[in-house]
Amino acid sequence: MRLLVTGGAGFIGSHIVDAALARGWSVRVLDSLDPGLHPGPPALDPRVELLTGDLTDPDTADRALEGIDTVCHQAAKVGLGISFADAPDYIRNNDYATAVLLAAMERQGIPRLVLASSMVVYGEGAYTDSETGVAVRPGPRAEADLRTGIYDPRNPVSGAILHPAMVTEDAPLDPRNVYAASKVSQEHLAAAWARSTGGAAIALRYHNVYGPRMPRDTPYAGVASLFRSALARGKAPRVFEDGAQRRSFIHVRDVATANIVAAETLSAGGAAAFRAYNVGASEVHTIGDVATALSIFSAGPAPIVTGEYRLGDVRHITASSERIKAELGWEPTIGFESGMREFATAPLRGEPG
């Protein structure tokens with residue numbers, strides 16, 4: 001297989017590159033190597049062809065696609081960001097860049113795309129009513145509840161506290177920040193491209209990815225990186241709300257394997273025009289669990305549960321990955337304890353070591 005990995009010098013992309021090389025594939029990386037994200041030259045395998053450039057430039061996209069048969073599109077601006085002022089940058093880097101890539105793929109007749117999507121497309125996760133057991137879609141949490149330490153969402157009709165459940169790919173999409181909106185748009189663009197060109201696209205909705213090479217703490221980093229970075233400075237991780245927010249923390253090497261399996265499925269002609277899959281862990285853990293595990297495995301200070309909150313945050317979102325297990329044969333292989341033990345001492349991107 002001749003694979004292009006956009007964003008292949010980044011956190012998840014670099015692990016996909018490693019996994020593809022292990023399969024004996026030919027790999028090209030297109031990465032902007034933004035100095036804000038890459039403080040030094042990327043440590044890529046010498047077998048990788050590296051093209052540095054901006055995917056929003058059609059000529060760059062065309063050069064990157066020459067001789068390629070499958071694209072793994074990881075390049076994106078991620079995280080919640082600082083404020084809505086980031087919106088134009090998210091749209092440029094995520095949606096416009098994806099449109100440029102897909103247009104170039106049509107020009108060059110490249111029919112296969114694996115797209116990095118995210119759990120954020122769902123907004124809040126799945127819930128059931130505590131009294132009736134019926135599935136309920138909550139609205140945004142009320143600030144009056146958050147101020148008094150009531151963090152779980154309520155049934156918008158009865159006011160009863162809702163119980164978290166596993167979210168499936170059939171759940172409604174409900175993006176609640178700019179990054180989430182951009183990921184929904186990327187999925188829609190990929191689906192439209194597939195219908196228009198006869199190609200096939202698989203969107204992988206990553207849940208909370210962690211592991212070696214994760215970016216250090218920035219406004220765009222994930223919570224595991226924030227905790228890990230605090231401990232590296234000798235500081236206690238600061239946990240918002242009560243720390244009981246449920247997530248599916250999935251190791252980056254398992255995510256890389258999901259991308260490889262998706263690319264192989266596309267190559268074999270075994271995919272629908274567009275199909276989305278959750279990529280999450282088999283185990284459910286809380287944000288407090290992550291902070292505690294990293295503190296223990298790094299012999300650092302215990303977490304501080306602050307009770308602070310952000311209105312844009314969701315309470316619980318945990319993946320059901322049954323669809324990808326059943327249809328593509330993928331399963332996570334790295335458990336929570338072993339993964340966190342490794343991550344607690346693994347260097348982050350942007351720090352020494």
Side-chain angles (χ1 to χ4, degrees), residues 115-141 151-158 160-177 179-180 183-184 187 202-211 222-224 240-252 254-255 257-259 261-262 272 274-291 293 312-340:
L115 173 68
S117 188
S118 171
M119 66 175 189
V120 297
V121 300
Y122 298 116
E124 280 283 357
Y127 292 87
T128 59
D129 186 271
S130 56
E131 298 173 353
T132 65
V134 174
V136 176
R137 189 73 181 163
R141 294 179 292 171
Y151 301 117
D152 288 311
R154 295 179 181 272
N155 185 319
V157 176
S158 69
I161 297 294
L162 298 175
H163 286 173
M166 304 294 274
V167 66
T168 69
E169 293 86 350
D170 295 326
L173 304 186
D174 183 19
R176 297 192 177 186
N177 56 57
Y179 171 58
K183 299 311 285 185
V184 171
E187 288 197 16
I202 289 175
L204 299 178
R205 293 174 179 167
Y206 305 154
H207 284 247
N208 290 74
V209 187
Y210 73 95
V223 67
F240 277 21
E241 300 184 13
D242 58 358
Q245 306 94 309
R246 291 159 50 105
R247 298 289 188 271
S248 295
F249 288 93
I250 181 75
H251 195 281
V252 66
D254 282 331
V255 171
T257 302
N259 278 268
V261 169
F274 178 84
R275 191 73 162 155
Y277 296 97
N278 286 332
V279 178
S282 298
E283 310 156 290
V284 171
H285 287 277
T286 67
I287 288 175
D289 291 340
V290 172
D313 286 350
V314 299
R315 177 60 172 172
H316 303 296
I317 180 162
T318 51
S320 168
S321 298
E322 293 308 309
R323 176 186 285 183
I324 191 171
K325 292 175 183 178
E327 295 184 7
L328 304 191
W330 171 89
E331 288 203 43
T333 61
I334 301 172
F336 180 81
E337 182 173 344
S338 61
M340 288 294 165

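As the structure is a prediction and not an experimental result, all values here were calculated from the model.
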Please evaluate residues Leu173 and Lys183 with respect to the criterion side-chain contact (heavy atoms from CB on, under 4.5 Å), reporting the C-alpha separation (whole Å), side-chain torsions for both, the decisive distance (0.1 Å), and the verdict. CA-CA 10 Å; Leu173 304 186; Lys183 299 311 285 185; over 6 Å; no

Considering only heavy atoms from C-beta outward, does the side chain of [X] approach that of [Y] to under 4.5 Å?
X: Ile324; Y: Arg205; value: no
X: Val279; Y: Ser248; value: no
X: Ile250; Y: Asn208; value: no
X: Thr333; Y: Asp254; value: yes
X: Arg323; Y: Asn278; value: no
X: Phe274; Y: Glu187; value: yes
X: Glu322; Y: Met166; value: no
X: Arg141; Y: Asp313; value: yes

List the atom of [X], the atom of [Y], and the distance in Å for their closest heavy-atom pair.
X: His163; Y: Ser130; value: NE2-CB, 3.6 Å
X: Met340; Y: Ala293; value: CB-CB, 4.1 Å
X: Thr168; Y: Ser320; value: CG2-CB, 4.1 Å
X: Leu328; Y: Ala262; value: CD1-CA, 4.3 Å
X: Pro153; Y: Pro138; value: CB-CB, 3.8 Å
X: Gly280; Y: His207; value: CA-CB, 4.2 Å

When rounded to the nearest 0.5 angstrom, what distance separates CG in Asn155 from CD in Glu131? 8.0 Å

To the nearest 0.5 Å, how far apart are OH in Tyr151 and CD1 in Ile161? 12.5 Å

Tell me, with the steps shown, if Asp174 and Arg137 meet side-chain contact (heavy atoms from CB on, under 4.5 Å). CA-CA 10 Å; Asp174 183 19; Arg137 189 73 181 163; 3.4 Å; yes

Surrounding CD of Glu283 (heavy atoms of other residues, nucleotides or ligands, distance under 6.0 Å), is the total greater than 12? yes

Qualifying residue, where the test is ring pair (Phe, Tyr, Trp, His ring centres under 6.0 Å) with His285 and the options are Tyr210, Phe336, Phe249: Phe336

Using the rule given for side-chain contact (heavy atoms from CB on, under 4.5 Å), can you reason through Arg315 versus Glu124, listing the C-alpha separation, both sets of side-chain angles and the distance that settles it, and then say yes or no? CA-CA 7 Å; Arg315 177 60 172 172; Glu124 280 283 357; 3.7 Å; yes

Begin with the C-alpha distance, continue with both residues' side-chain angles, and end with the deciding distance and a verdict on side-chain contact (heavy atoms from CB on, under 4.5 Å) for Thr128 and Val134. CA-CA 5 Å; Thr128 59; Val134 174; over 6 Å; no

Between the side chains of Asp289 and Thr286, does any donor sit under 3.5 Å from an acceptor? yes

Please check if any side-chain donor atom of Asn259 sits under 3.5 Å from a side-chain acceptor atom of Tyr206, or the reverse. yes

Out of Thr257, Val255, Leu204, which residue meets the side chain to side chain contact (heavy atoms under 4.5 Å, CB included) rule with Trp330? Thr257

In terms of the angle between their ring planes, are His316 and Tyr127 parallel, tilted or perpendicular, with boundaries placed at 30° and 60°? tilted

Walk me through whether Arg275 and Glu169 qualify under salt bridge (Lys or Arg N to Asp or Glu O under 4.0 Å). CA-CA 9 Å; Arg275 191 73 162 155; Glu169 293 86 350; over 6 Å; no

